[in-house]
Amino acid sequence: MTLPAKRPLAWLVPALLGGLLPAPVLAQEADSAANAAALEALVITATRNQRQADDSSQRVTIIDREQIERQLAISDDPGQVLSQLIPSYSPSRQKLSNAGESFRGRSPLFLIDGVPQTNPLRDSARDSYTIDLSMVERIEVIHGASAEHGLGATGGIINFVTRRAEAGELNQHVGLQLTSDDDFESEGFGHKLDYRLSGQTGDWDYLVAASRQQRGVFYDGNDQVVGIAYPGELQDSTSYDLFARLGYWIGDHQNLEVSVNHFDLEEGDDYVPVAGDRDAGIPTTARPGTPDGDPGYNQVTTARLAYGHDDWFGNRLDAQLYHQRFRAQFATTPYFPYQEGGESRFDQTRNASDKLGAKFTLSRGGLLDDRLTLTSGLDLLQDETTQTLVHTGRTYVPQSQFRNLAAFLQGDLAVTERLTLNAGVRHEYARLDVDDFATIDRSDVTQDKVTVEGGSPDFDETLFNAGATYQANDWLQLYANYSEGFGMPDVGRVLRGIDQPGQNIDDLLQLQPIVTDNREIGARFDWEDYGLELSYYESNSDVGERLAYDAASGSWVGNREKTEIQGVEVTGELRLGDAHELRLTYTHAEGESDTDGDGSVDTELTGLNIAPDTLRLAWSADWNERLSSHLQVSRYFDRSVDDPELEFDGYGLVDASLAYRLPQGRLSLGVENLTDEQYITYYSQAGRASDDYYFAGRGRTLTLGYQLDF
C-alpha cells in the first residue's frame, strides 16, 4: 500500500528475461530527462502490462529509496531490510543464507531489473545476496503466487530495481559507514565505502558505481561472539560490487540499454565455530582460529540488454536478454571425508550455475473504447548447474540442464469506472536433462554409493489467473485474486539424495513441478492522511515441497507433500502533519502438510517454512530541515507446533536512527537492537534443532554514516 497520491505511470521497461519467469514490469518516464527523474516518476505494475500498484488485484508493496536508506542506516543485512519492510517475510537469519527465510510460507522469486537470481536446479539459498543495496533505487514486491511471472514465483516476487542516471551531465555520490559493537571491540569494527557517477548528455545516459565493505565479527547481547555458520557467513567477511549502465534514446519512443553487475563476497578465515548446548540454552559461539579448507564465497556476474519501444505500430514492445554466471562456495562441513598426506580431512562444496534467458512483452491498450488492454509475451530460459567437491573433484550434483519456455496472454478490462477485471493464461513447458551419474558415499572417499540412470523428463503446465478491483467510493477499494504459480523442486537436492539402487530420472516423483494455487481478498482504505490495507490469502499445493533435515546424512531433503497455508496481513499508515509518519504492520500465518500421504494435511509447518506472527511499529519524524529520526519496534510472538523441539519463544527488538543534514553532506547514526536484547534467532529456535546452529542474534550495534552528493 502506498499512502501518497497515485504517481503517473510512465515508460515500461519490462523484464524480458527469464527462463520462463516473466518479471514484474517496471514503468519509467518516456523522455530521457524524466527517465532520470526521482522516484515519484516510477511505478510498478503487478502485471506484465502497465497497471499501477494501487489498482492491482494482488497485494503489492513498493519500497522506495528513502525507506531503504532508513534501514541501511541501522543494518546492511539484506535479510533484515526485507524482513522489516515486507509483510509476511520471515525474520533474517543474519547469515549468508536465506534458507528458511520464506515469503507467505513459500519461496520468493528474487529479481534484479527483472533478471532472475534464483537458480531453478540447485537452490543455494543465496539469491538475495547478489547485489549491494547501495545500487538499488527501490524494491518492488508482489505478494503471493503469480502465473504471469513464471518459474519460481510460488511465494511472491521481490524485484530489486537498480539506480538510474540523474539529470545533468555529471553527478557524483560518495558514502562512508563505520560499524561497531557497543563495547567497540577491535574485532567487531567494520566499514563500507561506496561511490557513484552518473549523468545524461544528448541521447545518452550513463551510471557507474562501486562499493566495498569489510565486516567485523558480530557480538550478541551478552557480548559473546556470534557462532559461525557452515552454509555461509556475513560476519568477518569482505564484499564488493561493481555496477555499470549505459542507455541510448532512439528518438522519443525507443530506448536501448545495457547493464552489468558483478558482486563478490568472501568469508574470512579468522574464526572457527564452537558448538552450543541447545538443551541448556547455551548458544553456538566462535573462537579465533583457522578453519579447514578455503573460505566460502558468493560470486555473481549479470549482464543485461534491454530494448523498449512505446509506440511500435500502436503497441508497447519490450525485450530483454540476459546472462548470469553464479558461483557459490560453501565452508568445510564434517560430512565429506577424504585423505590427504595420510591425514583425514573434510571436503567442501561449490555450486556453479549459468543462466541464459530472454523475455518479450507486447502490450496494446485503447481497445473497446479505451477499456481493454491486452498483453502477450514469451519467456525463455536455459540453466546449467553442477555442484562439486572442491578438493577431491567428486561430483555432488551431476551437471544438469534445464530449459524453460512459456507463452502468456493477459487482459485487463474496465467494466465500469469503478470495476476492473483482469484474467490471463500462461503455458509452461520445461525439460530437464541429466546424464548417468553416481551419488557420493559420505562414509569413505569413494564416489559410488548408488548409480542412477539419467534421463530427460519434460513437464507441461497451463496456469491461470483472474482478479477484480472495485472502487467502492473515494476512500475504499476492494480486490480479489486467484493466481497459480509454477516452480521446480530443488533438483540438485533430489539427485544428490538418491540412496536406492535402480532409480531412473524419468520416473522420480520428487522432480515433478510445484504448482501453487493462491487465493486472496483484500481492502485498501485511503483517508488523506490515513491509510490501511487488509488482506487474507490461502496458498495451497497438491504436491508441494517441505524441507526436512536428515541428521544421519547431514543434508536437507525435500519431501513432496500436499501443503496448505493461510494468512492475514494488515498494514496501516498515519501522517501527523508534514513532519511525522506512523506505520503499523501485523501478519499471521499458519500451515500444514500431509506427512502420511493420505490426502489430508495433518502436520503443522515449522519455522523452516512459516514466519512467526509479527507486529511492527515504526515512527519517522522530520524535526526540522536538518534533523530527522526513525524508531522501529518488532515483536515476534510465540509459536507452538507439533514438533516440541521446534517451538518458538518470541522476542522483541527495538532499532533507531538519527540523520542530520550538514552544510555539505548528511550524517547518520543507527543503533540496531537498541536495548541490547539477548535472544536466539527465529531460524535457530523454530527451523532446526542443532547445537551447531543454535545462534544468538546480534546485540547492540552502532553504525555511523556520511553521504555526500556533488
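FYI, side chains are in, hydrogens and waters are out, and symmetry mates aren't considered; it's all heavy atoms of this structure.
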Under a 3.5 Å distance rule, please check whether [X] uses its side chain to pair with a backbone N or O of [Y] as donor and acceptor.
{"X": "Asp594", "Y": "Gly599", "value": "yes"}
{"X": "Ser483", "Y": "Asn465", "value": "no"}
{"X": "Glu484", "Y": "Phe464", "value": "yes"}
{"X": "Thr614", "Y": "Pro612", "value": "yes"}
{"X": "Gln58", "Y": "Ala145", "value": "yes"}
{"X": "Arg93", "Y": "Glu101", "value": "no"}
{"X": "Ser541", "Y": "Val515", "value": "yes"}
{"X": "Arg616", "Y": "Ser634", "value": "no"}

Fill in: Carboxylate-amine/guanidinium proximity below 4.0 Å for Arg304 and Glu257
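Answer for the salt bridge query: yes.
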Worksheet item: Where do Asp113 and Thr162 land on the side-chain hydrogen bond (donor to acceptor under 3.5 Å, both in side chains) test, with the steps shown first?
Response: CA-CA 7 Å; Asp113 289 333; Thr162 56; 2.5 Å; yes
Worksheet item: Where do Tyr307 and Asn255 land on the side-chain contact (heavy atoms from CB on, under 4.5 Å) test, with the steps shown first?
Response: CA-CA 6 Å; Tyr307 169 78; Asn255 173 265; over 6 Å; no
Does [X] have any ring pair (Phe, Tyr, Trp, His ring centres under 6.0 Å) partners at least two apart in sequence or in another chain, and if so, which?
{"X": "Tyr682", "answer": "Phe648"}
{"X": "Phe103", "answer": "His143"}
{"X": "Tyr636", "answer": "Tyr651"}

Which residues pass the salt bridge (charged side-chain N to carboxylate O under 4.0 Å, His left out) test with [X], not counting sequence neighbours?
{"X": "Asp517", "answer": "none"}
{"X": "Glu604", "answer": "none"}
{"X": "Arg70", "answer": "Glu66"}
{"X": "Arg364", "answer": "none"}

Practice prompt. Starting from the C-alpha separation in whole Å, work towards a yes-or-no answer on side-chain contact (heavy atoms from CB on, under 4.5 Å) for Gln632 and Gln84.
Written response: CA-CA 9 Å; Gln632 60 191 30; Gln84 284 290 338; 3.3 Å; yes
Worksheet item: Rounded to the nearest 0.5 Å, how far apart are CD of Glu533 and OG1 of Thr571?
Response: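 It is 6.5 Å, given to the nearest 0.5 Å.
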side-chain contact (heavy atoms from CB on, under 4.5 Å) partners of [X], counting only residues at least two apart:
{"X": "Ala125", "value": "Ser97, Asn98, Ala99, Asp123"}
{"X": "Ser539", "value": "Arg106, Thr516, Asn518, Ile565"}
{"X": "Asn473", "value": "Trp475, Leu476"}
{"X": "Ser535", "value": "Arg59, Arg104, Tyr479, Glu520, Glu569"}

Worksheet item: Who passes side-chain hydrogen bond (donor to acceptor under 3.5 Å, both in side chains) against Trp619, sequence neighbours left out?
Response: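 So Trp619 forms a side-chain hydrogen bond (donor to acceptor under 3.5 Å, both in side chains) with His580.
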Discussion item. If you apply the rule salt bridge (charged side-chain N to carboxylate O under 4.0 Å, His left out), what do you find for Glu140 with Arg138, and how did you get there?
Written reply: CA-CA 7 Å; Glu140 303 169 333; Arg138 74 185 189 278; 2.4 Å; yes
